[in-house]
Amino acid sequence: MIPFIAKAEQLEQKIKEWETLAGSNMVLDHLIAYSGHKVYAITISDFTVPRTKKKALYISQPHAHEPGTTAGMVDVIEQLLTGKDLLGNPCQFDREKVLANTIITFNPDGNPFGRANSPELYYDGTKYTPKQFQCLIFGEDPDNPGERWKRVDLWDRRDENAPNPIGIVYEPIDEFRYVEPNRSQLSSYFKLFYQMDDQYQYEYWLDLHQMMFLGQGEQDSGSTCQIFMPLPDLVVSPHGDENLAWAAEITQDWLDNGFAAKAPISTPYTDIQAEYFRRNFREIHKRMSRISTEVITNRAQYPVEIQVKAQSSAIETTLKRLLAKNVEA
Ligand SMILES: [Zn+2]
């Protein structure tokens with residue numbers, strides 16, 4: 001099986017290896033989360049080529065319970081820096097051209113506190129039912145045993161009868177308060193993005209996620225991956241057309257690689273969750289193209305390799321797309 005690298009100590013070991021062989025092609029930044037964990041931004045490019053001649057892409061993952069996103073990023077970083085993937089197979093793209101035509105920043109582990117408290121390296125459906133997995137993600141509601149706790153952008157320990165342990169989706173930002181990283185600007189996920197965006201002014205942002213793709217009654221829906229695009233009211237020209245074309249290209253490549261991909265959709269939230277996205281991403285969507293992957297997790301019917309390979313495939317397609325766009329521009 002492909003090495004599954006998702007825990008902070010595994011990632012830090014990999015970063016040490018990369019630092020010794022990357023030469024001037026890798027720049028490492030980080031911020032320190034309230035928990036004391038380092039949250040890394042790994043930027044890769046041929047830095048002898050000026051920024052103005054390149055496209056800049058940000059790739060991130062906010063959710064501690066979605067470790068296949070981290071593992072997929074590590075597989076692509078390995079290719080960018082060594083010319084081979086984690087299994088030793090040749091690089092899936094023209095590495096020299098990608099380095100010369102793009103700047104790519106990876107935030108492979110957006111909430112290392114949550115990831116450190118994640119009981120498994122990955123979720124393959126053999127240990128947690130969908131409901132148990134939800135309780136791991138959001139915490140088990142003390143007032144409704146067996147049910148998951150609420151999903152909010154920000155909560156304060158002093159105001160809540162909070163789960164014990166708390167859900168691994170949340171990141172502590174001070175002594176009392178917790179956020180879901182992609183729903184509050186107070187998260188390390190957002191702070192690191194803005195810190196890096198000041199340096200590189202990204203034109204593209206690929207956010208990586210995982211979900212269970214449950215059918216009715218938690219049955220197998222038969223799908224393993226899908227692209228979520230921004231809420232319709234957040235789409236601004238020309239990024240809307242670019243998002244559509246980009247999403248279609250990833251989806252086609254997934255299908256060509258044998259993944260049971262569903263057609264891209266707009267982010268399907270309608271309730272307060274949609275409001276969180278409006279608050280946090282409206283300005284960002286005005287400036288850049290931004291889409292999200294969703295890849296299957298915690299389903300015993302599907303081998304865990306899908307979690308890594310569908311993510312790395314989405315990134316590889318994106319690199320090829322940016323390369324083609326930059327060369328034709
Ligand atoms: Zn997610």
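In listed order, ligands and their atoms are each counted from 1. No hydrogens, no waters, no symmetry mates; every other heavy atom, side chains included, goes into these values. Note that the coordinates shown come from a computational prediction; the quantities given were computed from them, not determined experimentally.
- A centroid separation of less than 6.0 Å is found between the aromatic rings of H63 and H209.
- Cluster partners of Y189, by chain and number: V27, L31, V39, F47, Y58, I103, F190, L192, F193, Y194, M196, Y200, Y202, W205, L231, L234, Y269, F277, F281, I284, M288. The rule joins Ile, Leu, Val, Met, Phe, Trp and Tyr whenever side-chain heavy atoms lie under 4.5 Å apart.
- Side chain to side chain, Q134 and E147 fail the donor-acceptor criterion of an N or O pair below 3.5 Å.
- The salt bridge (Lys or Arg N to Asp or Glu O under 4.0 Å) test with E203 is passed by exactly one of R290, R321, R51: R51.
- Residues L57 and T102 have side chains not in contact (no heavy-atom distance under 4.5 Å, counting atoms from C-beta outward).
- Counting heavy atoms from C-beta outward, D29 and Q199 have side chains that approach closer than 4.5 Å.
- Protein-derived N/O/S atoms nearer than 2.8 Å to the Zn ion (ligand 1) total 4, waters excluded.
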